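Naming convention: chains lettered A, B, ... in sequence-line order (proteins, then strands); numbering from 1 in each chain. Here the structure is a predicted model, which means the values were calculated and not measured.
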Amino acid sequence: MATHESHKKRSGLMDWLTTVDHKKIGILYLLAGGFFFLIGGLEAVLMRIQLMEPDSKIFTGELYNQLLTMHGTTMIFLAAMPIIFGFMNAIVPLQLGARDVAFPYVNAVGFWLFFFGGVLLNLSWFLGGAPEAGWTAYAPLSTVAEDTGVDFYVLGLQIAGAGTLAGGINFLVTIINMRAPGMTFMRMPLFTWASFVTSGLILFAFPALTVGFFLLMFERVFDANFFNPDMGGNILIWEHIFWIFGHPEVYILILPAFGIISEVISTFSNKRLFGYSAMVFATVLIGFLGFMVWVHHMFTVGLGPVANSIFAVATMAIAIPTGVKIFNWIFTMWGGQIRFSTAMLFAVGFVPTFVMGGVTGVMLSVPAADYQYHDSYFVVAHFHYVIVGGLILGLFSGLYYWYPRMFNRVLNETLGKWNFWLFFIGFHLTFFPQHWLGLMGMPRRVYTYMSGQELDGANFVSTIGAILMGAGTIVLLINIIISASSKYATTKDPWDGRTLEWSMPVPTPEYNFAQTPLVRGLDALYVEKTAGNGEMTPAEPVGEIHMPNGSILPFILSLGMFIAGFGFIYSNWYVAGAGLGLVLITMFLRSIIDDHGYHIHKEEVEADIKGGRA
Amino acid sequence: MKKWLQKGRFLSLFAMLALLLMGCGDPTLSTLIPQGEVADKQFQLMLISISIMILVLVVVFVLYAFVLLKFRKRKGDESTPKQVEGNHMLELLWTVIPILLLIILAVPTVMRTFEFSADAKPASKNELSIKVTGHQYWWEFEYPKEELITSQELVLPADTKVHVELSSADVIHSFWIPSLAGKTDTNPGDKNKNYMWFDTGSKTDVVYKGKCAELCGASHALMDFKVRVVSKEDYKNWVAGYKAADEKSSANADGQQVFEKNCLSCHAVGQNGGNTGPSLTGFGDKDRVAGILEHDKENLKKWIKDPQEVKPGNNMPKVNLSDEEIDAVSDYLLGLKLK
Amino acid sequence: MNAGERLTDANFPAHPEKATLEGKNKFLGFWLFLGGETVLFATLFGTYLGLRNMHLDGPSGEELFSLPLVFLATMLLLTSSLTSVYAVLSLKQNKVRSLQGWFLVTLLLGLGFLGLEIYEFIHYVHEGHTFTSSAFGSAFYTLVGFHGAHVLFGILWITTLLARNWNRGITLSNAPKYYLFALYWHFVDVVWVFIFTVVYLMGKVG
């Protein structure tokens with residue numbers, strides 16, 4: 001009865017534009033996120049060059065503010081989150097034993113929205129200047145700016161944010177509904193758990209930002225008065241909305257890194273994760289508490305001692321589950337056999353660095369002392385310790401770890417070690433002195449400082465560190481280029497892995513699992529390696545596999561949003577209408593074209609199995 | 001006995017830390033060299049929290065170093081490590097100990113947080129009250145009781161508790177004198193006025209550096225101000241001199257004419273003049289031109305000639321003056337001294 | 001079985017909207033989406049509550065709002081929620097004509113609601129209460145307008161859905177779509193109940 005109508009095999013560029021395969025979308029996220037990471041990194045190095053010496057005049061005033069705004073915005077929304085989504089896409093379905101995500105089409109929509117949003121935002125550099133009000137875009141600084149920079153910020157991020165929200169829902173449903181037989185919640189790998197909680201945070205945090213962006217957009221484009229005190233508005237509304245989103249966002253970023261580190265440490269210590277259930281519970285608790293601490297970004301705003309004290313104590317409480325994680329990682333290594341591969345080196349570097357970022361976090365939670373730290377370089381040092389020292393080291397670790405699964409090649413380990421040491425040493429050189437700079441009275445977001453304030457030395461060291469980090473990143477690029485030009489295919493399980501993503505051949509078949517695997521315990525593959533024959537036991541006979549069709553509509557829909565974004569930025573209602581019209585037309589087409597996907601015949605699957613391709 | 005020992009160790013750690021941190025930075029700018037009561041208590045809080053945190057760091061780092069060294073994979077060792085599920089006792093341990101440490105930290109945290117948020121009214125005659133208004137990119141200081149308004153330079157008597165009311169004329173700024181007290185935001189809008197207090201410390205004839213600590217536009221980095229703490233006697237004289245000053249307090253008639261024609265509508269001297277720009281009363285005694293440049297004629301001319309060059313994005317217009325006029329008005333301004 | 005095939009009474013599942021994995025995924029995904037929408041409206045409500053007395057020289061809510069009109073709009077929307085329940089009941093009994101009938105009534109009631117809202121907004125603008133007249137104006141039109149946009153989107157959705165499936169009967173592929181629309185419509189209705197309470201009743205009481 002099955003029909004095979006309308007399955008077109010596309011190739012080349014068209015394949016990438018129309019793909020709904022989570023593995024390919026994962027690669028797209030990784031490439032686009034990596035590209036934006038380089039841009040954001042370049043912006044950081046330019047800022048550090050300006051601050052290398054006192055009274056420097058290279059990037060001053062508005063231009064510097066544009067750099068700092070775009071650095072923060074790019075790194076958080078366009079680099080860190082997409083790279084996380086890249087790994088989630090590439091790995092989570094495999095770890096679950098699923099053939100795809102729940103909504104492959106929506107997945108593609110999510111990617112293209114992010115992509116076009118990011119491009120829109122970055123085009124501001126060439127179209128009258130980038131946004132200059134900081135990534136936090138506090139009103140009224142963001143509402144009074146007369147150029148179009150902040151308009152690009154609002155619309156670019158609104159579009160990208162819609163894609164993120166779609167992605168979050170997609171992963172929640174995937175993880176709840178599409179687990180293989182036997183894959184209970186308490187057998188899910190920690191990275192999948194972290195993705196689950198992160199997706200939940202996205203679901204409940206991003207809509208607040210969506211509203212915030214709408215308010216800001218209405219204020220700028222349609223002369224609304226939410227934040228205009230002269231017209232009865234209140235500037236604090238923006239700060240609250242932004243941080244109600246903004247703090248969970250921090251955990252959206254760091255939890256997946258926790259997940260990656262848990263996988264890597266367990267694999268390369270050859271031990272199961274110590275205190276698995278405590279780790280899961282800690283992840284959930286951190287996610288939950290993440291919604292109740294936003295005011296610690298606003299201690300100096302003047303909300304009064306009661307609010308400040310309550311949020312201070314709530315913030316301190318987060319240190320407890322986080323500490324549980326740290327000790328569980330250390331005790332996972334305890335008694336293990338640690339192999340220092342590059343992925344493991346990054347994980348090993350992560351733990352102490354993150355602890356340092358964590359303890360300054362606790363220090364910042366003390367409001368009375370935060371009056372001194374707030375908006376100084378101490379804060380800059382703190383959040384770079386958790387975001388770069390935490391998240392980015394985690395992502396690098398994940399990249400070296402999963403690269404063979406995603407790209408069918410191993411990255412060079414020698415270059416990998418250069419990458420690690422340059423980046424790691426550069427990182428500490430850059431950010432450790434910044435704690436001192438802050439305590440010695442240097443506010444953040446300043447484009448210069450006068451000499452004679454004892455701030456020169458630390459700033460100089462910091463810049464040298466930033467250059468080293470840049471060098472480390474270049475080594476990574478070289479490593480990737482070398483690996484891309486080699487045709488070497490790896491074995492399916494280069495690290496002696498423990499979880500399901502290492503159980504299928506290389507390259508991963510487009511349907512992932514020829515037969516859905518039966519999961520018999522935590523670390524599903526390790527269970528089979530020790531108690532079985534090293535292969536997953538199938539949970540079903542070989543049969544026809546249903547696959548979704550690719551579609552160009554996600555691309556066109558996102559293009560429509562991109563066009564509409566331009567219309568709103570320049571208050572050109574024809575363009576805005578045309579863009580939104582294109583969006584509605586694609587939605588309409590999507591709903592009237594029946595697309596039931598296609599089937600891969602049983603015979604083809606059997607042939608793949610026989611040929612070692614599945 | 002053992003308890004005493006531990007306490008002693010903790011104290012010595014504390015003292016060592018204080019020594020290490022003290023003396024870091026510029027004594028008129030660093031939070032690590034506190035000069036007033038509030039900054040001092042904030043520094044104490046920093047020391048408490050840093051001590052607890054260093055304790056945590058040491059425990060983690062030592063344990064970590066041990067694990068990394070001890071449990072490396074040895075060549076030829078093909079055995080499988082024991083797959084341990086976890087340990088409830090340990091989990092309990094590293095949950096409860098942090099909770100206790102945080103409680104130790106939370107108590108002074110809450111105490112001080114309430115202490116620093118006192119009301120804005122001076123409680124006794126010995127206390128002072130000022131209103132701070134942030135502007136892009138300069139600071140206005142009003143002394144309501146003394147009925148005078150200054151800009152960029154806050155002159156205060158030593159050993160005095162100062163109550164501050166903060167607001168902004170445009171975007172959000174943040175008022176920060178690291179040596180004396182932590183920062184508080186200045187928000188636009190009557191609803192979001194803020195209040196804080198600090199103590200001026202015992203040193204006299206010292207100029208502390210003040211900073212804007214909230215991104216407020218292109219010249220955010222240049223929005224510095226000065227806090228000059230003088231003896232109570234000198235303060236009284238300063239107030240009297242300030243109130244007596246007028247536009248004739250500089251003896252440069254040509255310059256005065258140029259000033260009255262071109263500048264007075266925005267800048268006040270004494271009781272006369274507008275208030276869109278900073279008051280220039282006693283300008284000759286000040287520390288900096290435009291808050292940032294060395295206080296000399298060359299810089300003053302440079303500033304008047306092209307304000308955007310010095311402070312990008314500021315609101316001072318480029319006034320159409322000849323070189324002679326700029327020269328005259330500069331001399332006039334530098335001659336504006338308090339008696 | 002092909003998901004696009006018309007279901008008969010013989011092979012009709014108990015929950016046609018959740019009979020396939022796609023259906024189950026959509027069902028769960030949509031509930032989660034509504035969770036996100038709840039945060040969205042909560043943020044809008046928060047903003048409105050913070051600014052609702054900031055009408056400056058313009059008319060206040062108390063002066064503006066006419067409860068009979070809003071009550072009529074509320075009744076239209078509540079009734080439309082009821083009719084969509086009947087449509088879903090028809091869905092579960094595989095009665096496609098009845099389903100179409102009830103959804104058509106829902107659609108008409110929704111249009112009626114939207115018409116009243118547009119009339120109301122035009123009236124307010126004439127009274128001097130505009131989007132830019134004060135913070136209250138901005139917050140009011142944003143909150144109520146977001147809801148109105150949701151109603152409009154629902155109308156477009158059900159129109160497309162009915163038109164596309166007019167001659168198709170109930171299938172495993174369209175059953176979840178009908179069901180989700182009904183869910184969406186209930187959500188929009190619940191949000192309105194809050195708007196009615198927070199904006200209009202509280203606005204009238206002062």
Practice task
Decide if atom NZ of C:Lys95 counts as having more than 12 heavy atoms of other residues, nucleotides or ligands within a radius under 6.0 Å.
Solution key: no

Handout entry: A:Phe288, CZ: over 12 other non-hydrogen atoms inside 6.0 angstrom
Key = no

Handout entry: Interatomic distance, C:Lys26 atom NZ to A:Phe103 atom CZ [nearest 0.5 angstrom]
Key = 8.0 Å

Handout entry: Nearest-0.5 Å distance that lies between atom CD in C:Glu5 and atom NE2 in A:His596
Key = 10.5 Å

Exercise for the section: Identify the residues of residues 42-51 of chain C whose heavy atoms come closer than 4.5 Å to a heavy atom of chain A, ordered by number, or report 'none'. Expected result: C:Thr43, C:Leu44, C:Thr47, C:Leu51

Exercise for the section: Assess whether atom CZ of A:Phe185 is packed by more than 12 heavy atoms of other residues, nucleotides or ligands within 6.0 Å. Expected result: yes

Problem - Minimal non-hydrogen separation, A:Met178 against C:Leu21, with atom names - result: SD-CD2, 4.1 Å

Fill in the blank from the handout: Ranking A:Phe227, A:Phe204, A:Phe226 by heavy-atom pairs under 4.5 Å to chain C gives rank one to A:Phe226

Exercise for the section: Starting at CZ of C:Arg168, measure out to CG of A:Asp594 and round the result to the nearest 0.5 Å. Expected result: 4.0 Å

Practice task
Name all pairs fulfilling the side chain to side chain donor-acceptor pair (under 3.5 Å) condition that reach into residues 169-182 of chain C, sequence neighbours left out, sorted by first residue then second.
Solution key: C:Asn165-C:Asn174, C:Thr171-C:Asn174

Exercise for the section: Count the heavy atoms belonging to other residues, nucleotides or ligands that lie under 6.0 Å from CZ of A:Phe588, then report whether that count exceeds 12. Expected result: no

Problem - Proximity breakdown for A:Asp223 and chain C, heavy-atom pairs closer than 4.5 Å - result: both

Exercise for the section: Under 4.5 Å, heavy atom to heavy atom: which of residues 108-119 of chain C reach chain A? Give them by number, or say none. Expected result: none

Practice task
Measure across A:Pro207 and C:Leu40 and return the closest heavy-atom pair with its distance rounded to 0.1 Å.
Solution key: CB-N, 3.7 Å

Fill in the blank from the handout: chain A shares the most heavy-atom pairs under 4.5 Å, among C:Arg164, C:His55, C:Lys24, with C:Arg164

Exercise for the section: Against chain A, label C:Leu32 side chain, backbone, both or neither, depending on which of its atoms sit under 4.5 Å from a heavy atom there. Expected result: both

Exercise for the section: With chain A as the partner chain, list the residues of residues 120-151 of chain C whose heavy atoms fall under 4.5 Å from it, by residue number, and write 'none' if nothing qualifies. Expected result: C:Phe131, C:Thr132, C:Ser133, C:Ser134, C:Ala135, C:Ser138, C:Ala139, C:Thr142, C:Phe146

Problem - C:Trp31 atom CH2: more than 12 heavy-atom contacts under 6.0 Å - result: no

Fill in the blank from the handout: Bottom line for A:Ser591: the part with an atom under 4.5 Å from chain C's heavy atoms is both

Problem - Spacing of CG belonging to A:Leu203 relative to CD belonging to C:Glu37, to within rounding of 0.5 Å - result: 10.5 Å

Problem - A:Ile241, part contacting chain C, at a heavy-atom distance under 4.5 Å - result: side chain

Handout entry: Side chain, backbone, both or neither of A:Leu215 within contact of chain C (heavy atoms, under 4.5 Å)
Key = side chain

Problem - Region of A:Asp230 in contact with chain C, defined by heavy-atom distances below 4.5 Å - result: backbone

Handout entry: Within 6.0 angstrom of C:Tyr86 OH, more than 12 heavy atoms from elsewhere
Key = no

Handout entry: Which portion of A:Phe214 sits near chain C, non-hydrogen atoms under 4.5 angstrom
Key = side chain

Practice task
Have a look at C:Asn25 and tell me which of A:Thr174, A:Val101, A:Val173, A:Ile176 forms a side-chain contact (heavy atoms from CB on, under 4.5 Å) with it.
Solution key: A:Val173

Exercise for the section: Show your reasoning for whether side-chain contact (heavy atoms from CB on, under 4.5 Å) applies to C:Phe153 and A:Met587. Expected result: CA-CA 12 Å; C:Phe153 182 80; A:Met587 287 169 84; 3.7 Å; yes

